[in-house]
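Below: the structure, in structure tokens.
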Amino acid sequence: MRRHNGRHHSTTPRITRLLGSLLLVAAAGAFAVGAAPPVQDTAIPLGRVVPAPASAEPGGAPYRITHDTGIRVDDSREARQVAGYLADILRPSTGYRLPVTTHGGTGGIRLRLAEGPYGTEGYRLDSGHQGVTITAARPAGLFHGVQTLRQLLPAAVEKKSVQPGPWPVAGGTVRDTPRYPYRGAMLDVSRHFFTVAQVKRYIDQLAMYKINELHLHLSDDQGWRIAIDSWPRLATYGGSTQVGGGTGGHYTKADYREIVRYAASRYLEVVPEIDMPGHTDAALASYAELNCDGVAPPLYTGTDVGFSSLCVPKQVTYDFVDDVIRELAALTPGRYLHIGGDEAHSTSHADYVAFMDRVQPVVAKYGKTVIGWHQLTGATPAKGALAQYWGLDDTSAEEKAQVAKAARNGTGLILSPADRIYLDMKYTEDTPLGQDWAGLVEVRRSYDWDPGDYLAGAPASAVRGVEAPLWTETITDSADIEYMAFPRLPGVAELGWSPAATHGWDAYKARLAAQGPRWEALGIKYYKSPQVPWPTS
Ligand code: TNX
């Protein structure tokens, strides 16, 4: 709706003009209720996308999706699936048939696989009078291009009921490839359990911003969340509660496979984490023999950390670890297995080092690459391992130097600085959910830093990407997840995807603001940060 109309800029006294505008607003409101609402008739500018594309060259006529539009796709199974995904988004709101075809023709929406400078995830989007073509070397690139196309359409495209349109896509060319290969989000399903449906909903939201790694924190003191056949009580007993004493839950192997399958259909890789040797009360409570004193502690439903440890000297510990890693690796097509390693305050340093020396080869034996929280750099990270850095500005110089040194020696880094991108940190003092041990993290603070030079002494080439963890001591349902993730998560996605040259808060906040109506259309209740110029609707 146009709110500034030249006709009202007359010489009438201010008060009359004010009354006039009030009447105009009232009339517009009545119109919206009665007839079709006023529609946006200009296309969204080509670059107004989060994460910012590597380049956007506007030009030429826009394309308009109409009842005649079809989706043409190369005859590859994966490309057809991406086309089906796009059709599933566009059909409910446009009301058009949008047939997906694999034979020739011209115009319309086309998804095309072709060699070119796209890498495994990049794409090119060309829009003009005749149609929109997304070209990529791999299906992941087509999928990311589809996310860009979504954001170039009016926000109402996200609604589940037929909307009036029109559906223009600005003319021009977008060329886009990611800055980093690892762009992750972590969900802690231990402190509170989240159902498969809740995880899928989050996966869909992550995919909109080209996030490609879903890290699931599957075990902690408060709950063990994955079925392990050789140690069944881990899930049935260790998974039977959660923070606050609720009934918890766990994923059967079929549940977990379904999450992996769904994530893969959105081009996310699942990174499962079993946190060891600390954060293990749920396991220790399930099997007395895992404890050094042979006595099982009670299940834990509080929020303290650092009080539990696997028994490092006992052989049974390694039988347990081998079984768990073997079964989890067999369920996981992804490359990584995260072994935690944070806050092992009840494990001596010597034991910690000995434990990591024995456990990392087990991960390799089952064909996976180790990821550990950055405390792993206090032991000897395996060749090829990645360390996930979760320090803060005021983390000790010594600890930072230890991580930087490991990075210089070849350990890759995933950056998750807690005072920037921990999604469980409160935005302000008044945020009803979350914690504040790493400080308050408003939207600008979470966006305005550069992963490339963040950790002094770590070479830029060591940085594999970024990940936004969401710890769930205070988070219990999808609405809570969404309130903490939006609007910070898209900023993390942009830090991971967009070239450093595109970085800038002023331009970003305008692009971010344009996401608000999309979230509203999708039923996402986000934090309306006063730092962001949300459109008034
Ligand atoms: C620290 S960060 C933890 C988690 C907590 C989180 C709460 C990290 C690797 N460990 O155990 O859930 O703080 O913000």
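Counting begins at 1 with the first residue of the sequence. Since we're looking at a predicted model, the values are computed, not measured. Below, all heavy atoms of this structure are taken into account, side chains as well, without hydrogens, waters or symmetry copies. Atoms within a ligand are numbered from 1 in the order they appear, just like the ligands themselves.
Comment: R464 does not engage E213 in a salt bridge, judged by the lack of any side-chain N to carboxylate O separation of less than 4.0 angstrom. Taking 4.0 Å as the cut-off between side-chain N and carboxylate O, E289 and K314 do not count as a salt-bridged pair.
Between Y527 and Y483, the two ring planes are perpendicular [angle over 60°; tilted spans 30° to 60°]. Classification of the F143-Y267 ring pair by plane angle, with boundaries at 30° and 60°, yields tilted. In this pair, Y287 and W231 present their aromatic rings perpendicular. The plane angle is above 60°, beyond the 30 to 60° band.
If you look at ligand 1, the protein residues with a non-hydrogen atom under 4.0 Å away are R191, H279, V305, D342, E343, W373, W390, Y422, D424, M425, Q435, W437, W471, E473.
Results of the side chain to side chain donor-acceptor pair (under 3.5 Å) test with W373 over E273, Q388, E343 single out E273 as the only residue that passes.
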